[in-house]
Amino acid sequence: DPTINRSHPARRSLSHLWERVGVRVKRKFTTLTFVLSLLKEGEGALEGGEAGRKGKKDCRNRVRSASPTFSRNMTYGLILCVILCSLLSFRAYAAEADLKPGDTIGPHNWERVKGMVGDNLLDRIKQGYSFKIKEPTRYDVPREYAEATRKYSGKVRLGADGELLNYVAGRPFPQIEPRDPQAGQKVAWNFYWRWHGDDYKAGGGTEIGKVIRYAIEKDGSERRADFVAYFLFPRTRVTLDPKPVIPGYEHIDSLQLRIDSYPRDSSGTATFEIRYADPKRPDDLYLYIPSLRRIRRATTTQRCQTLAPSEFNLDDIDFFRGKITDFNYQLLGEKKALVNYAQKNVPYQRKQGDYLPIDEMWEIQDVYVLEITPKDPSYCYPKKILWVDKVAYEATWGMTWDRKGDYWKELALFRIPAKLPDGQVAWQQGTGYGVNVQNGRSTILTTTRAYNQGFSPSLFTLDTMLRIMRGGTI
């Protein structure tokens, strides 16, 4: 067929295989056209990552769904398909392996990082964005978290509904077997209970002691809005006394208090959230809006409301803050992704009106590809995919789709080393961005944290909300 590029390595390999198999295989397939159609079905394998997996799956399904003429010869077809798809996917993953520190990525070679970044960033690269590749950064979890994993993980199990049983502290599942049908659920729990200190103040590590946020409109205009957020994890403590649980808080996974401080028209707006350990008990969520001058209890559906002026909602915090048992999970596989675990400047330098950094380099790290779908069909995100770091279980990329199946939002977050009060160094959040690809708006957050501050549970109460309402401070 003259339309097929005969120099293509997969085509040459296929021709070689055909010559060796000879007349016997020709009898099994009535025409070479069918075999070449497998090449078309498997084109997605050239893309690597999720597209590559889909391409290989389509290739196999093409053989399985063949007409009865071919059903008697399924063994030969499957063998041929497996060989073909392997040849196709090899080239895709070779591109990932070829990347090395010092390489420059830009519109001239964007194909080299296809499947390693979000689709929106890939489009920006095609349009002219460029950056360099650097050496990968390595961090270890704090000693006490690793010790808790060794001490407690052996008894952890999943319940009938995916709930976590016998969990105390540390990483619930230190070993993930990709073939395990429950692997997705286990990666989700590892992500949920990744190391994030016994408590932390989001924004506590920035120069101003607050989260620095910019909302960017499609026309490039910007609006700044700062806030602080306090988190406490009272029943999984590994560093601060009492360990592993604060008495009386055995039933609570986390407490969160968030307060807007700038601009003036939103200063004092606050949210208070209680996340319960009981998988059947919904979160308690309270809101205070200064213009209303009262505290009101919010419904769980309000977790999907956008946190103005950003493109984020409550469940976008840390990429995914949903209650684990309210969702289904599938481990789609493993891949290499481009990330930045050693951000050069915090916040990173950028052009006015743009969310991308101009002086940061990217590195290659191994990630799990985790698909998240809601059990509630009315939930705002029908599908979300996280790329979860295989060492830290931190999310590095997040992508969401709308009800029509169209690409909706893309999130990426850089990391920086975190020096803990005891001198250990771990990872923590630097600057990240979220893009709504449908309306062109974006949000940039610099949310460097201060860990293990020794917060008291008394901070996380409605009394604190009342104090804020009356003009008090924390």
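Predicted model, so just to flag it, every value in this text is computed and none were measured.
Applying the 6.0 Å contact sphere to NZ of Lys375 captures more than 12 heavy atoms from other residues, nucleotides or ligands. At most 12 heavy atoms of other shown residues, nucleotides or ligands fall within 6.0 angstrom of atom NZ in Lys218. Within a 6.0 Å radius of CZ in Arg143, no more than 12 heavy atoms belonging to other residues, nucleotides or ligands are found. Within 6.0 Å of CD in Gln127 there are more than 12 heavy atoms belonging to other residues, nucleotides or ligands. Counting non-hydrogen atoms of neighbouring residues, nucleotides and ligands closer than 6.0 angstrom, the NZ atom of Lys419 reaches no more than 12 such neighbours.
The shortest distance between side-chain heavy atoms of Gln256 and Arg275 does not fall below 4.5 Å. Counting heavy atoms from C-beta outward, Trp397 and Val117 have side chains that approach closer than 4.5 Å. Residues Asp198 and Glu144 form no side-chain contact, since every pair of their non-hydrogen atoms from C-beta on lies 4.5 Å or further apart. Residues Leu257 and Met465 have side chains in contact (heavy-atom distance under 4.5 Å, counting atoms from C-beta outward). With a 4.5 Å cut-off on side-chain heavy atoms, Phe173 and Asp180 do not count as touching. Residues Arg194 and His196 have side chains in contact (heavy-atom distance under 4.5 Å, counting atoms from C-beta outward). Under the 4.5 Å side-chain criterion, counting only non-hydrogen atoms from C-beta, Gln429 is in contact with Arg415. Residues Thr206 and Val346 are not in side-chain contact: their nearest non-hydrogen atoms beyond the backbone lie 4.5 Å or more apart.
Thr396 and Gln365 share no side-chain donor-acceptor pair at under 3.5 Å. No donor-acceptor contact under 3.5 angstrom links the side chains of Asn190 and Tyr368, judged on distance only. In this structure, a donor-acceptor pair under 3.5 Å is absent between the side chains of Tyr379 and Asp326. Asn120 and Lys409 share no donor-acceptor pair across their side chains, judged by distance under 3.5 Å alone. For the residue pair Asp389 / Tyr341, a side-chain donor-acceptor distance below 3.5 Å is found, with atom types taken as modelled.
Using modelled atom types, one side-chain atom of Tyr329 and one backbone atom of Ile324 make a donor-acceptor pair closer than 3.5 Å. Put simply, the side chain of Tyr129 gets close to the backbone of Pro357: a donor and an acceptor are under 3.5 Å apart. A donor-acceptor contact shorter than 3.5 Å is absent between the side chain of Gln330 and the backbone of Leu332. Under the 3.5 Å distance criterion, the side-chain polar atoms of Lys384 are matched with a main-chain donor or acceptor of Phe319. No donor-acceptor pair closer than 3.5 Å links the side chain of Asn340 to the backbone N or O of Phe414. Listed for the Arg449 side chain is no donor-acceptor partner under 3.5 Å among the backbone atoms of Asp199. Panel note: side chain Thr149, backbone Arg171; a donor-acceptor pair is recorded below 3.5 Å. Side-chain atoms of Glu334 never come within 3.5 Å of backbone atoms of Asp366 as a donor-acceptor pair (strictly under, hydrogens ignored). When atom types are taken as modelled, the side chain of Asp226 and the backbone of Lys210 share no donor-acceptor pair closer than 3.5 angstrom. Looking at Lys186, its side chain never comes within 3.5 Å of a backbone N or O of Pro172 through a donor-acceptor pair.
Atom CZ of Phe191 and atom CD1 of Ile372 lie 7.0 Å apart (nearest 0.5 Å). Taken from OH in Tyr348 to CD in Glu360, the straight-line distance is 8.5 Å, to the nearest 0.5 Å. Summarising the geometry, atom CD1 belonging to Ile133 is positioned 5.0 Å from atom CG belonging to Leu99; distances are rounded to the nearest 0.5 Å. Atom CG of Leu386 is separated from atom CG of Leu370 by 6.0 Å, given to the nearest 0.5 angstrom. The structure places CG of Leu411 at 10.5 Å from CG of Asn436, a figure rounded to the nearest 0.5 Å. Note: Asp463 CG to Met469 CE = 11.0 Å, rounded to the nearest 0.5 Å.
Using cut-offs of 30° and 60° for the angle between ring planes, the Phe233 and Phe231 rings count as parallel. Classification of the Tyr451-Trp195 ring pair by plane angle, with boundaries at 30° and 60°, yields tilted. A tilted orientation is assigned to the rings of Trp362 and Phe131, their planes being inclined by 30° to 60°.
Residues passing the salt bridge (Lys or Arg N to Asp or Glu O under 4.0 Å) test with Glu222 are Arg350, sequence neighbours excluded.
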Under 3.5 Å, which donor-acceptor pairs do the side chains of residues 156-164 form with other protein atoms, sequence neighbours left out?
residue : atom : partner : partner atom : Å
Arg157  : NH1  : Gly154  : O            : 3.1
Glu163  : OE1  : Asp161  : N            : 2.9

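Figure legend: cation-pi geometry between Arg258 and Phe227, with NZ or CZ positioned under 6.0 Å from the six-membered ring centre and within 45° of its axis. Under a cutoff of 6.0 Å and an axis angle of 45°, Arg237 and Tyr249 do not form a cation-pi pair.
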When you look at Tyr288 and Arg296, which way does the side chain to side chain donor-acceptor pair (under 3.5 Å) test go after all the steps?
CA-CA 7 Å; Tyr288 170 65; Arg296 63 186 180 91; over 6 Å; no

Please walk me through it: do Leu240 and Gln453 pass side chain to side chain contact (heavy atoms under 4.5 Å, CB included)?
CA-CA 9 Å; Leu240 302 176; Gln453 301 298 292; over 6 Å; no

Pair Leu121, Tyr433 - check side chain to side chain contact (heavy atoms under 4.5 Å, CB included), show working.
CA-CA 11 Å; Leu121 178 57; Tyr433 67 82; 4.1 Å; yes

Would you sort out whether Leu338 and Ile364 count as a side chain to side chain contact (heavy atoms under 4.5 Å, CB included), showing the intermediate values?
CA-CA 5 Å; Leu338 285 184; Ile364 302 172; 3.7 Å; yes

Begin with the C-alpha distance, continue with both residues' side-chain angles, and end with the deciding distance and a verdict on side chain to side chain contact (heavy atoms under 4.5 Å, CB included) for Thr443 and Arg213.
CA-CA 7 Å; Thr443 303; Arg213 178 180 62 184; 3.8 Å; yes

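Closest approach of Thr236 to Ala169, counting heavy atoms only: O-CB, 3.9 Å. The minimum heavy-atom distance between Pro142 and Leu420, with the atom names listed, is CG-CD1, 3.9 Å. Across all their heavy atoms, Ile295 and Tyr286 have their closest contact at CG2-CB, 4.3 Å. Heavy atoms only, all atoms of each residue included: Leu331 and Val369 are closest at CD1-O, 3.5 Å. For the pair Gly322 and Phe327, the tightest heavy-atom approach, listed with the atom from each and the gap, is CA-CE1, 3.9 Å. Minimum interatomic distance between Leu285 and Glu273 (heavy atoms only, all atoms of both residues): CD1-CB, 4.0 Å.
Residue pairs meeting the disulfide bond (SG atoms under 2.5 Å apart) criterion with at least one partner in residues 360-407, sequence neighbours excluded, are Cys304-Cys380.
A salt bridge is absent between Arg281 and Asp253: the closest approach of a Lys/Arg side-chain nitrogen to an acidic carboxylate oxygen does not fall below 4.0 angstrom. Taking the charged nitrogens against the carboxylate oxygens, Asp283 and Arg321 have no contact shorter than 4.0 Å, which rules out a salt bridge. A salt bridge is absent between Lys114 and Glu111; no separation between the charged side-chain nitrogens and carboxylate oxygens falls under 4.0 Å. In summary, Glu250 and Arg235 do not engage in a salt bridge, as defined by a charged side-chain N under 4.0 Å from a carboxylate O.
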